Engineer: 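Take a look at this one; I'll ask things after.
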Amino acid sequence: MRFALDESHEDFASSIDALLTKSDMPAVIRAWNDGDTAPGLQVWQRLAETGVNGLLVAEDHDGLGADAVDLVVAVEQLGRHAVPGPVVETVAVAPALLAATAPERLAPLAAGSLATVAMLPHVPYAVDAHVADLVLHVADGNVSTGSAGDARESVDRSRRLFPLSAQEHLGSVDTAAAFDIGVLAAAAQLQGLGRTLLDTTVEYAQQRKQFGRAIGSFQAVKHHLAEVAVALEMARPLLHGAAVAVRDELPTASRDVSAAKVACGDAAYLAARTALQVHGAIGYTQEYDLSLWITKVRALITAWGTPDAHRARVVDALEAAENEKSGATS
């Protein structure tokens, strides 16, 4: 099956890309890393004006009432520019949880509030609770507001992780769908990060010279970059297929988002490793912008479920489908 975005999706992606390109994201990220979140929050407010925060918020709560495909289009762009803050939680997970428990809190979210979530057991920490207007604690189907403990550091300096304790109970729901939308958004973010790493590395390989030739002309470098391009392109249909499954509430949605998370994570990790290899020693320095994307990839690979957990979900789903098929034909 071929998944192709329509013109409205392409225009939406281009508008987000243009906004973030003008924002000098490396400087914004470095400020966020150092504790100055004001430039990053300004970026988030501009994103809210384009409708990003309210994508999954219903129109009667001042949102766009969009679907999972629109979500993937937007979050992939946020990944491409390594936007700091609780991306998955604000844009994807919090709207899904609030729609079922506290819909009166949706309008502020669509207007630009940030939200973060700790969803046990797969998401034990809330990202950037210090800047979130809404902090949610989810355990055993119970959704509550959360109180943050002491921050813990991440390999990605723009991510601060907070343990939460439950406070005000908002409601009890089946949180499986909210978890799946979080996994889908994390996969889209990884896909975007991987694409920027590839583009940046290709550009560097075209400019950096050894022995009087651009290193991109060497066959070994070409092969490495081609492998990354293939991995990202192979992950893309899994990502968009999972978005369709979530949008249409297909019974395979959980399996599909897990497959997308694994594929996008593997592709982004390959992009990060190749970027380091091609850039050489400069790629290891924190002063070089490449590091901002590489460390975010490393952090997101295990966010919203580890690769092992998602591979297990895929295997279990396939085995269940095979057993069902065998039982129907026996």
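Note that this is a predicted model, so its numbers are computed, not measured. Values reported hereafter were calculated over all heavy atoms of this structure, with side chains retained and with hydrogens, waters and symmetry mates removed.
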Engineer: Within the 3.5 Å criterion, strictly below it, is a donor on Asp156 or Ser154 matched to an acceptor on the partner's side chain?
Structural biologist: no
Engineer: Determine the minimum heavy-atom distance between Leu197 and Thr201, stating which atoms define it.
Structural biologist: O-OG1, 2.6 Å
Engineer: Taking only residues two or more places apart in sequence, or in another chain, which ones meet Arg160 in a salt bridge (Lys or Arg N to Asp or Glu O under 4.0 Å)?
Structural biologist: none
Engineer: Side-chain contact, heavy-atom cut-off 4.5 Å: Glu203 with Thr200?
Structural biologist: no
Engineer: Are Leu239 and Leu250 co-members of a hydrophobic cluster defined by side-chain heavy atoms under 4.5 Å apart?
Structural biologist: no
Engineer: Specify the closest pair of heavy atoms between Leu20 and Leu47, including all atoms of both residues, with the distance to one decimal.
Structural biologist: CD2-CD2, 4.2 Å
Engineer: How far apart are the closest heavy atoms of Ser113 and Asn53, and which atoms are they?
Structural biologist: O-ND2, 3.5 Å
Engineer: Side-chain donor-acceptor pairs under 3.5 Å in residues 275-282, sequence neighbours left out?
Structural biologist:
unit_1	atom_1	unit_2	atom_2	d
His279	ND1	Ala275	O	2.9

Engineer: Is a side-chain N or O of Thr196 found less than 3.5 angstrom from the main chain of Leu193, in a donor-acceptor match?
Structural biologist: no
Engineer: Is it the case that atom CD in Gln167 sees more than 12 heavy atoms from other parts of the structure closer than 6.0 Å?
Structural biologist: yes
Engineer: Establish whether Val262 and Val244 are linked, either directly or via other cluster members, by ILVMFWY side-chain heavy-atom contacts under 4.5 Å.
Structural biologist: no
Engineer: Leu120: which other cluster members, linking ILVMFWY side chains closer than 4.5 Å, directly or transitively?
Structural biologist: none
Engineer: Check this for me: Arg273, atom CZ, are more than 12 non-hydrogen atoms of other residues, nucleotides or ligands nearer than 6.0 Å?
Structural biologist: no
Engineer: For the CD atom on Glu104, are there more than 12 heavy atoms of other groups (residues, nucleotides or ligands in this structure) within a distance under 6.0 Å?
Structural biologist: yes
Engineer: Taking a hydrophobic cluster as the set of Ile, Leu, Val, Met, Phe, Trp and Tyr residues connected by side-chain heavy atoms closer than 4.5 Å, whether directly or through intermediates, do Val88 and Val155 fall within one such cluster?
Structural biologist: no
Engineer: Strictly distance-based, threshold 3.5 Å: is any side-chain N or O of Gln191 a donor or acceptor partner for the main-chain N or O of Leu232?
Structural biologist: yes
Engineer: With sequence neighbours left out, write down each residue that passes salt bridge (Lys or Arg N to Asp or Glu O under 4.0 Å) with Asp36, or none if nothing qualifies.
Structural biologist: none
Engineer: Do any N or O atoms from the side chain of Asp67 and from the backbone of Val69 form a donor-acceptor pair under 3.5 angstrom?
Structural biologist: yes
Engineer: Should His81 and Ser23 count as side-chain neighbours, where that means a heavy-atom distance under 4.5 Å?
Structural biologist: no
Engineer: Does a side-chain heavy-atom distance below 4.5 Å link Asn142 with Ser172?
Structural biologist: yes
Engineer: Can any side-chain N or O of His310 pair as donor or acceptor with the backbone N or O of Trp304 at less than 3.5 Å?
Structural biologist: yes
Engineer: Are any of the side-chain heavy atoms of Pro26 and Leu292 separated by less than 4.5 Å?
Structural biologist: yes
Engineer: Determine whether Arg157 and Asp34 make a side-chain contact, defined as any pair of heavy atoms from C-beta on separated by less than 4.5 Å.
Structural biologist: yes
Engineer: Is Val314 isolated, or which residues cluster with it under the ILVMFWY side-chain rule of less than 4.5 Å, directly or via members?
Structural biologist: Leu318
Engineer: Pick from Thr145, Leu114, Thr116: which one makes a side chain to side chain contact (heavy atoms under 4.5 Å, CB included) with Val135?
Structural biologist: Thr116
Engineer: Would you say the side chain of Leu78 lies within less than 4.5 Å of the side chain of Val52, judging by non-hydrogen atoms?
Structural biologist: yes
Engineer: Lys261 side chain to Ala303 main-chain N or O, any donor-acceptor pair under 3.5 Å?
Structural biologist: yes
Engineer: Are Phe162 and Val127 connected in a single hydrophobic cluster, I mean Ile/Leu/Val/Met/Phe/Trp/Tyr linked by side-chain heavy atoms less than 4.5 Å apart?
Structural biologist: no
Engineer: Check for a donor-acceptor pair, side chain of Thr306 on one end and backbone N or O of Ala309 on the other, with a separation under 3.5 Å.
Structural biologist: yes
Engineer: Rounded at 0.5 Å granularity, tell me how far CG in Leu134 sits from CG in Leu98.
Structural biologist: 5.5 Å
Engineer: How are the rings of Trp32 and His130 set to each other: parallel, tilted or perpendicular (split at 30° and 60°)?
Structural biologist: perpendicular
Engineer: Give the minimum heavy-atom separation between Gly79 and Trp293, together with the two atoms involved.
Structural biologist: O-NE1, 3.9 Å
Engineer: Shortest non-hydrogen contact from Val246 to Ala68?
Structural biologist: CG1-CB, 3.8 Å
Engineer: With rounding to the nearest 0.5 Å, note down the distance linking OG1 in Thr90 to CG in Leu55.
Structural biologist: 12.0 Å
Engineer: Report whether Leu161 and Met119 are members of the same hydrophobic cluster (ILVMFWY, side-chain heavy atoms less than 4.5 Å apart, transitive linking).
Structural biologist: no
Engineer: Is Asp70 paired with Arg247 through a side-chain N to carboxylate O contact shorter than 4.0 Å?
Structural biologist: no
Engineer: With a 4.0 Å cut-off on N to O distance, would you call Arg105 and Asp133 a salt bridge?
Structural biologist: no
Engineer: With sequence neighbours left out, which residue pairs that include part of residues 135-147 fulfil the salt bridge (Lys or Arg N to Asp or Glu O under 4.0 Å) condition?
Structural biologist: none
Engineer: Do Val83 and Gln77 have side chains that approach each other closer than 4.5 Å (heavy atoms only, starting at C-beta)?
Structural biologist: no
Engineer: Does Tyr269 OH have over 12 foreign heavy atoms under 6.0 Å away?
Structural biologist: no
Engineer: Are Arg236 and Glu76 ion-paired here, with the side-chain N under 4.0 Å from a carboxylate O?
Structural biologist: yes
Engineer: Which heavy atom of Leu164 sits nearest a heavy atom of Ala148, and at what distance?
Structural biologist: CD2-CA, 3.6 Å
Engineer: Do the side chain of Arg30 and the main chain of Glu287 share a donor and acceptor less than 3.5 angstrom apart?
Structural biologist: yes
Engineer: Other residues, nucleotides and ligands only: do more than 12 of their heavy atoms fall within 6.0 Å of CZ on Arg298?
Structural biologist: no
Engineer: When rounded to the nearest 0.5 angstrom, what is the spacing between CG in Leu136 and CG in Leu170?
Structural biologist: 6.5 Å
